[in-house]
Enquirer: 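Before I ask anything, let me first share the structure, which is written out below as structure tokens.
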Amino acid sequence: MSSKIMKIVCAINRNNQRICLLIRKKRLLKNMMMHLLRKQQRNVCLLPEIKTISRKVWSTVEHSKYWEDEVPAFSDKKFKNTFRMNRSTFDQVVDKLKNIGRLDTQLRPAIPLAKRVAIGLYALGSSAEYRTIASLFGVGRTTVGEIVREISQEIIDKLGPCYLNAYPPTHDKIVEIVSGFDKMGFPQCYGAIDGCHIEVNVPKSEAVDYYNFKGWHSVVLFAAVDYKYRFTYINVGAPGRSNDSTIYENSALKKVHETNPIFREYSKTIEGVNVPILLIGDSAFKLSSTVMKPFPFSGNQSAAEKLFNYHLAKCRRVVENGFGHLKARFRRIGKGLEVNIDNVNSIIKACCILHNVCKENNDTVNRSWMVEMNQMVKKPQPQRSSSSKTQDPSGTAIRLALMNHFGK
């Protein structure tokens, strides 16, 4: 028995000796590696300075010369059709958006300012996927999304105050706009109001709110438009369930028209009634001293009421045309926004401002764009009439005065 114990003890000792030998070898190997590493570091310090080679683009992005080589050779017609505005308007926009420019880094040169603006405008004016746009311009897909967000906010901050400035109203602006509508056939009008539903993707948790009465998800662009199809006021982001009249009743637009004394200063006596500066809308809105709407349709409607409705519809059409031009120029709006719901409002606002920039520069919408828009499969716009049965006496008196004025 004792001999067996001795054998076991001897085996344990031999095993311990092997373990100690392995530890010593490992320690020796570690010391040798540290020595070699220090020697290598000393040799690197003695080497001459090595110039780094700059990469033109990220290695994961296939380089494209579309902007650098092809776009400069575009005819004026092709340039406008591609970027949805003339070269002169494009240059003006680039000049105003200098803050979105970037500096070169050690990893790569920055995307030039003009190219960044071009990518943003191409994305807004095209219905192509961001992946396709990225491949065309030789940038990453996420870069396209970042540029669209940045350029949209910069347009709002820098161009908004210059091109969406009808409120608060000035004397010159009132004279210009009222005169323009008067020539179209409706006196004392400062704008036509309406809402436009724009399709969006929404999280399931918020889907019910954005589900409109035509059965699809949308946000509402509520706007006032002048005689030149320029947006004078925009309210963006109300969920699709919202009614145009409700949006207006809770808007800053209503408040300023009811409280700003400048609209009373330009009141005009028509058929013995004091008529202030007005807005015009469809049957969805409540008749008031600041908003004119058509007479309700009936089988025995008088000729005078029909004539009033004709004049109002003729001038109110500017807001429908304004929405049409916006969607035709910026197909991203017309097709529907497949972006995060948090980015929807800024993109729509930016497109409205760019629309005004183009209008101010007489940069017209191509007829072919309108044809393309009309050929698109469009979702039906929700339409709801006002449920209010109360009549504003002053609004009723103003509408009758205008009806009699048109009948002369």
Side-chain angles (χ1 to χ4, degrees), residues 166-167 169 173-174 176-197 220-235 243-249 251 253-254 256-257 263 268 270 275-298 301-328 352 355-356 359 365 370 373-374 380-386 388 391-392 395-396 398-407:
Y167 293 92
K173 187 66 75 172
I174 288 179
E176 179 211 343
I177 294 177
V178 171
S179 176
F181 275 110
D182 194 26
K183 292 176 181 177
M184 291 182 67
F186 205 99
Q188 295 295 92
C189 181
Y190 193 66
I193 57 176
D194 201 0
C196 175
H197 287 252
V220 182
L221 165 60
F222 179 83
V225 175
D226 71 9
Y227 70 105
K228 283 188 173 181
Y229 304 164
R230 297 172 299 193
F231 293 105
T232 56
Y233 170 85
I234 56 173
N235 182 314
N243 178 270
D244 293 346
S245 179
T246 303
I247 296 173
Y248 173 74
E249 292 296 324
S251 71
L253 181 65
K254 179 187 177 182
V256 72
H257 271 270
F263 292 119
K268 183 178 179 181
I270 298 176
V275 180
I277 302 300
L278 303 165
L279 296 169
I280 57 176
D282 60 18
S283 59
F285 299 94
K286 297 177 182 177
L287 180 68
S288 70
S289 61
T290 56
V291 177
M292 289 291 101
K293 61 183 285 185
F295 285 99
F297 175 78
S298 64
Q301 192 171 47
S302 68
E305 290 183 353
K306 289 180 180 179
L307 183 60
F308 173 88
N309 287 357
Y310 165 77
H311 280 275
L312 187 142
K314 178 183 176 182
C315 292
R316 196 191 68 80
R317 198 175 295 130
V318 297
V319 67
E320 296 176 354
N321 291 342
F323 289 144
H325 287 193
L326 175 73
K327 292 180 177 181
C352 290
H355 166 94
N356 281 7
K359 293 297 181 185
V365 171
M370 297 297 295
M373 184 198 67
N374 292 328
Q381 288 285 315
Q383 299 290 338
R384 296 182 71 191
S385 297
S386 173
S388 175
Q391 294 290 336
D392 183 339
T396 301
I398 291 171
R399 184 165 67 175
L400 289 173
L402 290 170
M403 181 189 72
N404 294 330
H405 170 73
F406 294 138

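The basis for the numbers below is simple: all heavy atoms, side chains too, and nothing from hydrogens, waters or symmetry mates.
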Enquirer: Of all heavy-atom pairs between P169 and Y190, which one has the smallest distance, and what is that distance?
Expert: CB-OH, 3.7 Å

Enquirer: List the residues meeting salt bridge (Lys or Arg N to Asp or Glu O under 4.0 Å) with D226, not counting sequence neighbours, and say none if there are none.
Expert: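 Result, salt bridge (Lys or Arg N to Asp or Glu O under 4.0 Å) vs D226: R230.
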
Enquirer: Taking H311 for its side chain and F186 for its backbone only, find out whether a donor-acceptor pair lies under 3.5 Å.
Expert: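 Here the side-chain-to-backbone pair does not exist.
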
Enquirer: Looking at every heavy atom in both T232 and V225, which two are closest together, and how far apart are they?
Expert: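 Scanning both residues completely, I find the closest heavy atoms to be OG1-N, 4.0 Å.
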
Enquirer: Which salt bridge (Lys or Arg N to Asp or Glu O under 4.0 Å) pairs, counting each pair once, include a residue from residues 179-196, with sequence neighbours left out?
Expert: D194-R316

Enquirer: Could you check whether Y167 and H257 have their ring centres less than 6.0 Å apart?
Expert: yes

Enquirer: Show the atom names and distances, to 0.1 Å, of all donor-acceptor pairs under 3.5 Å that link a side chain in residues 302-310 to residues at least two apart or in another chain.
Expert:
residue : atom : partner : partner atom : Å
S302    : OG   : E305    : N            : 3.2
N309    : OD1  : F295    : N            : 2.8
N309    : ND2  : F295    : O            : 3.2

Enquirer: On a heavy-atom basis, which atom in I193 and which in A224 lie closest, and how many Å separate them?
Expert: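 What the structure gives for the nearest pair is CG2-CB, 3.8 Å.
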
Enquirer: Given side-chain contact (heavy atoms from CB on, under 4.5 Å), test F263 with I174 step by step and report yes or no.
Expert: CA-CA 8 Å; F263 292 119; I174 288 179; 4.3 Å; yes

Enquirer: Using the test side-chain hydrogen bond (donor to acceptor under 3.5 Å, both in side chains), find all partners of K173 that sit at least two apart in sequence or belong to another chain.
Expert: none

Enquirer: Could you work out, with side-chain hydrogen bond (donor to acceptor under 3.5 Å, both in side chains) as the rule, every residue matching H197, not counting sequence neighbours?
Expert: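 For H197, the residues satisfying side-chain hydrogen bond (donor to acceptor under 3.5 Å, both in side chains) (neighbours in sequence not counted) are S218.
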
Enquirer: List for me each residue that meets side chain to side chain contact (heavy atoms under 4.5 Å, CB included) alongside C352, sequence neighbours excluded, and say none if there are none.
Expert: L221, F231, I234, L326, I348

Enquirer: Starting from the C-alpha separation in whole Å, work towards a yes-or-no answer on side-chain contact (heavy atoms from CB on, under 4.5 Å) for C189 and M184.
Expert: CA-CA 10 Å; C189 181; M184 291 182 67; over 6 Å; no

Enquirer: Where do Y227 and E176 come nearest, in terms of heavy atoms and distance?
Expert: OH-OE2, 3.0 Å

Enquirer: Does S288 have any side chain to side chain contact (heavy atoms under 4.5 Å, CB included) partners at least two apart in sequence or in another chain, and if so, which?
Expert: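 Only T290, V291, D392 meet the side chain to side chain contact (heavy atoms under 4.5 Å, CB included) criterion with S288.
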
Enquirer: Using ring pair (Phe, Tyr, Trp, His ring centres under 6.0 Å) as the criterion, list what pairs up with Y229, not counting sequence neighbours.
Expert: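 Y229 satisfies ring pair (Phe, Tyr, Trp, His ring centres under 6.0 Å) with H325 only.
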
Enquirer: Compare every heavy atom of N243 with every heavy atom of A284, then report the nearest pair and how far apart it is.
Expert: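 Scanning both residues completely, I find the closest heavy atoms to be O-OD1, 4.4 Å.
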
Enquirer: P276 and S289: which non-hydrogen atoms are nearest, and at how many Å?
Expert: CG-O, 3.4 Å

